[in-house]
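Reminder, nothing fancy here: chain letters follow the sequence lines and each chain counts from 1. Keep in mind the model is a prediction, meaning the values are calculated, not measured.
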Amino acid sequence: MVGLHAQKPEHRAPPAIFLMGPTASGKTDLAMSLVQAMPCEIISVDSAMIYRGMDIGTAKPSAEELQAAPHRLIDICDPAESYSAADFRRDALAEMAEITARGRIPLLVGGTMMYFKALLNGLSDLPSADSGLRAEIEQEAERHGWQQLHDELAATDPEAAQRIHPNNRQRLMRAIEVIRITGRPISELWAAKLAESPGTSPVRRGSGIENYPYITRWQADEQTGLPYTVYQFALAPMERSQLHQRIQLRFGKMLQQGFLDEVRALKARGDLNTDMPSVRCVGYRQAWDFLSGDIDHSTFVERGVAATRQLAKRQLTWLRKWPEVQWLDRPDPQAVVETLKKSGVPSTFMMNN
RNA sequence: GGCGCGGUGGCAGAGUGGUUAUGCAGCGGACUGCAACUCCGUGUACGCCGGUUCGAUUCCGACCCGCGCCU
């Protein structure tokens with residue numbers, strides 16, 4: 001394939017499309033249509049679909065759909081593993097670079113807003129999680145109480161203490177973890193990223209992108225520091241009640257498709273537990289409780305559906321304040337194509353093959 | 001028809017003569033390495049009418065509705 005970028009050496013970063021939206025809004029449908037309409041390749045942005053063996057409950061695209069439109073970053077982890085926003089950023093950048101190098105457009109589709117944010121805005125240079133240290137911190141908390149840990153944080157890093165509620169153990173633990181590993185206040189490390197002026201270093205070292213000559217020639221986007229021109233879309237029905245309806249319907253379908261058998265199989269492995277991110281996923285956690293005999297079937301369904309609604313609400317909270325998104329109230333590929341054309345995406349990108 | 005018990009916010013469920021029960025759901029929000037996570041905020045609701053009282057969701061009476069028993 002002739003390098004489209006080489007033919008049209010504008011000093012503009014190559015395109016990338018973000019397709020975001022709450023659960024059950026029809027993102028997969030729209031992505032499938034877009035793959036038909038233009039030369040793009042899908043990268044999943046979903047913290048649950050990364051897990052192998054978790055297909056029904058995560059609403060993973062079907063085998064036929066995956067055949068027609070391969071999704072990257074799906075089925076990349078065992079349910080016993082955990083995966084972080086930093087992992088995602090690294091992997092997504094590598095996949096984007098590869099797709100772009102082939103003259104195609106990366107289409108990032110999903111609902112894990114934290115991953116989108118990490119990709120778009122980057123992350124500070126922080127150490128990754130240390131399970132040993134976390135266990136230690138947890139023990140201390142059991143002895144002295146979480147409040148005391150928060151007091152401790154307030155003494156050494158008042159800014160972080162102010163931003164993290166004392167009840168938010170997970171984030172409190174993370175802050176203390178980082179401080180103990182680096183010996184520096186976490187708020188200082190957060191600030192370090194903001195100081196780095198965006199746009200000046202188009203290629204992030206270690207991202208994998210520097211291996212692709214097509215890309216290194218472009219300026220990074222001024223806003224994000226990403227070496228892509230990002231077009232962002234948010235898909236969600238206008239009416240919340242409509243989304244609730246879809247969620248309810250879809251949960252019922254999942255049950256018919258054997259969702260409980262899927263969870264039964266996970267449970268039967270014997271090495272998974274409810275502290276793991278995989279088992280904490282919406283629906284799975286409630287199914288786990290049901291299969292353990294802690295709740296009855298109707299409670300399971302009720303709580304599973306409610307948890308999904310709550311997920312959708314949190315996703316919408318992210319999206320509402322998201323800058324520069326175009327909202328779509330239904331999975332209409334034409335609307336996306338039109339926007340891209342108007343935005344000056346080269347027409348060679350608009351025709352498939 | 002008679003007797004008994006009960007009617008509390010969308011649901012569940014305490015309670016009191018005058019100061020917010022609470023839980024769940026819903027809604028709003030935060031969120032830089034577990035993010036489909038984690039966390040924060042948010043509702044004077046007491047069946048109806050009358051009476052007692054400075055004051056009634058709480059006491060008294062009638063009525064309506066539900067459940068149970070009796071004829």
**OP:** Identify, between A:K313 and A:A59, the residue whose nearest nucleotide on RNA chain B lies closer to the 5' end.
**Re:** A:K313
**OP:** Look at all strands and tell whether A:Y83 reaches a base, only sugar-phosphate, or nothing, counting heavy atoms closer than 4.0 Å.
**Re:** sugar-phosphate
Original post:
Using atom C1' of each nucleotide, how far apart are B:U57 and B:C70 to the nearest Å?
Top reply: 32 Å
Subject >> B:C64 to B:C49 separation - P atoms, rounded to the nearest Å >> reply: 15 Å
Original post:
Can you check the A:M49 CE to B:A35 P distance for me, whole Å?
Top reply: 15 Å
Original post:
Looking at B:G33, B:C34, B:A36, which one has an atom nearest to any side-chain atom of A:L123?
Top reply: B:G33
Subject >> B:G13 versus B:A56 - spacing of their C1' atoms, nearest Å >> reply: 22 Å
Original post:
Using the glycosidic torsion, which applies to B:G15: syn (within 90° of 0) or anti (everything else)?
Top reply: anti
**OP:** Under the side chain to side chain donor-acceptor pair (under 3.5 Å) rule, what do A:S44 and A:D46 come out as? Steps first, then yes or no, please.
**Re:** CA-CA 6 Å; A:S44 162; A:D46 191 303; 5.3 Å; no
**OP:** Round to the nearest Å and state the distance from A:I50 atom CD1 to B:A35 atom C1'.
**Re:** 11 Å
Subject >> Contacting residues from residues 154-188 of chain A, given that a heavy atom lies under 4.0 angstrom of RNA chain B >> reply: A:R163, A:H165, A:N167, A:N168, A:Q170, A:R171, A:R174
Subject >> Side-chain N,O (A:T317) to OP1/OP2 (B:G29) below 4.0 Å >> reply: yes
Original post:
Roughly, in whole Å, what's the span from NE2 in A:H244 to P in B:A25?
Top reply: 12 Å
Original post:
Do the side-chain N or O atoms of A:R303 get closer than 4.0 angstrom to the phosphate oxygens (OP1, OP2) of B:A25?
Top reply: no
**OP:** Please name all residues satisfying side-chain hydrogen bond (donor to acceptor under 3.5 Å, both in side chains) with A:S343, sequence neighbours left out, ordered by chain then number.
**Re:** none
Subject >> Sugar-phosphate only, base, or nothing, as touched by A:T23 at under 4.0 Å among non-hydrogen atoms >> reply: nothing
**OP:** Classify the nucleic acid contact of A:Y115 as base, sugar-phosphate or nothing, counting any heavy atom under 4.0 Å across all strands shown.
**Re:** sugar-phosphate
**OP:** Select base, sugar-phosphate, or nothing to describe what A:D87 touches, counting heavy atoms under 4.0 Å on all strands.
**Re:** nothing
Subject >> Minimum-distance nucleotide (side-chain atoms of A:A48 versus B:G33, B:A36, B:U32) >> reply: B:A36
Original post:
A:R240: what forms a side-chain hydrogen bond (donor to acceptor under 3.5 Å, both in side chains) with it, not counting sequence neighbours?
Top reply: none
**OP:** In whole angstrom, give me the gap between the P atoms of B:C40 and B:G23.
**Re:** 11 Å
Original post:
Taking only side-chain nitrogens and oxygens of A:T112, does any of them come within less than 4.0 Å of OP1 or OP2 of B:A36?
Top reply: yes
**OP:** Look at the side-chain N and O atoms of A:R240 and state whether any lies under 4.0 Å from the OP1 or OP2 oxygen of B:G28.
**Re:** yes
Original post:
Reading RNA chain B 5' to 3', what string of ( ), [ ], | and . shows its pairs, if Watson-Crick and G-U wobble pairs count only when both distances fall under 3.5 Å?
Top reply: (((((((..(((.....[...))).(((((.......)))))....(.(((..]....))).)))))))).
Original post:
What distance, rounded to whole Å, do you find between the two C1' atoms, one in B:U16 and one in B:C48?
Top reply: 22 Å
Subject >> Verdict with reasoning, A:S62 to A:E65, per side chain to side chain donor-acceptor pair (under 3.5 Å) >> reply: CA-CA 5 Å; A:S62 66; A:E65 285 173 315; 3.3 Å; yes
**OP:** Could you check whether A:G283 gets within reach of a base, just the sugar-phosphate, or nothing at all, counting any heavy atom under 4.0 Å?
**Re:** nothing
Subject >> Option passing ring-ring contact (aromatic ring centres under 6.0 Å, His included) with A:F18 (candidates A:Y231, A:F116, A:Y115) >> reply: A:F116
**OP:** Would you mind classifying the nucleic acid contact of A:A118 as base, sugar-phosphate or nothing, using non-hydrogen atoms under 4.0 angstrom?
**Re:** nothing
**OP:** Could you state the atom-to-atom distance from CD of A:Q310 to P of B:C39 in whole Å?
**Re:** 12 Å
**OP:** Could you check which residues of residues 251-267 of chain A get a heavy atom under 4.0 Å from RNA chain B? Sort them by number, please.
**Re:** none
Subject >> Distance, P atom - from B:U38 to B:C24, rounded to whole angstrom >> reply: 13 Å
Subject >> 5' priority, RNA chain B, between A:L316 and A:C281 [closest heavy atom] >> reply: A:L316
**OP:** Would you give the length of the straight line joining atom CD1 of A:I105 to atom CE of A:M96, rounded to the nearest 0.5 angstrom?
**Re:** 11.0 Å
Subject >> Whole-angstrom distance between B:C59 and B:U20, as gauged at atom C1' >> reply: 24 Å
**OP:** Would you tell me if any nitrogen or oxygen in the side chain of A:K117 comes within less than 4.0 Å of OP1 or OP2 on B:U32?
**Re:** yes
Original post:
If you measure from the C1' atom in B:G43 to the same atom in B:G26, how many Å do you get, rounded?
Top reply: 11 Å
**OP:** Quickly work out the A:Q315 CD to B:A30 P distance and round it to whole Å.
**Re:** 15 Å
Which pairs of donor and acceptor atoms, one on a side chain in residues 274-295 of chain A, lie under 3.5 Å apart (sequence neighbours left out)?
residue : atom : partner : partner atom : Å
A:S278  : OG   : A:P79   : O            : 2.6
A:R280  : NE   : A:T274  : O            : 3.2
A:Y284  : OH   : A:G57   : N            : 3.1
A:Y284  : OH   : A:T58   : N            : 3.4
A:Y284  : OH   : A:E262  : OE2          : 2.5
A:R285  : NH2  : A:R280  : O            : 3.3
A:Q286  : OE1  : A:G283  : N            : 2.8
A:S292  : OG   : A:K267  : NZ           : 3.4
A:S292  : OG   : A:W288  : O            : 2.7

**OP:** Take atom NZ of A:K321 and atom P of B:G29, then tell me their distance rounded to the nearest Å.
**Re:** 9 Å
Original post:
Atom CZ of A:F259 and atom CG of A:D55: how far apart are they, to the nearest 0.5 Å?
Top reply: 11.0 Å
**OP:** Respond yes when some side-chain nitrogen or oxygen of A:R285 is under 4.0 Å from OP1 or OP2 of B:U38, and no when none is.
**Re:** yes
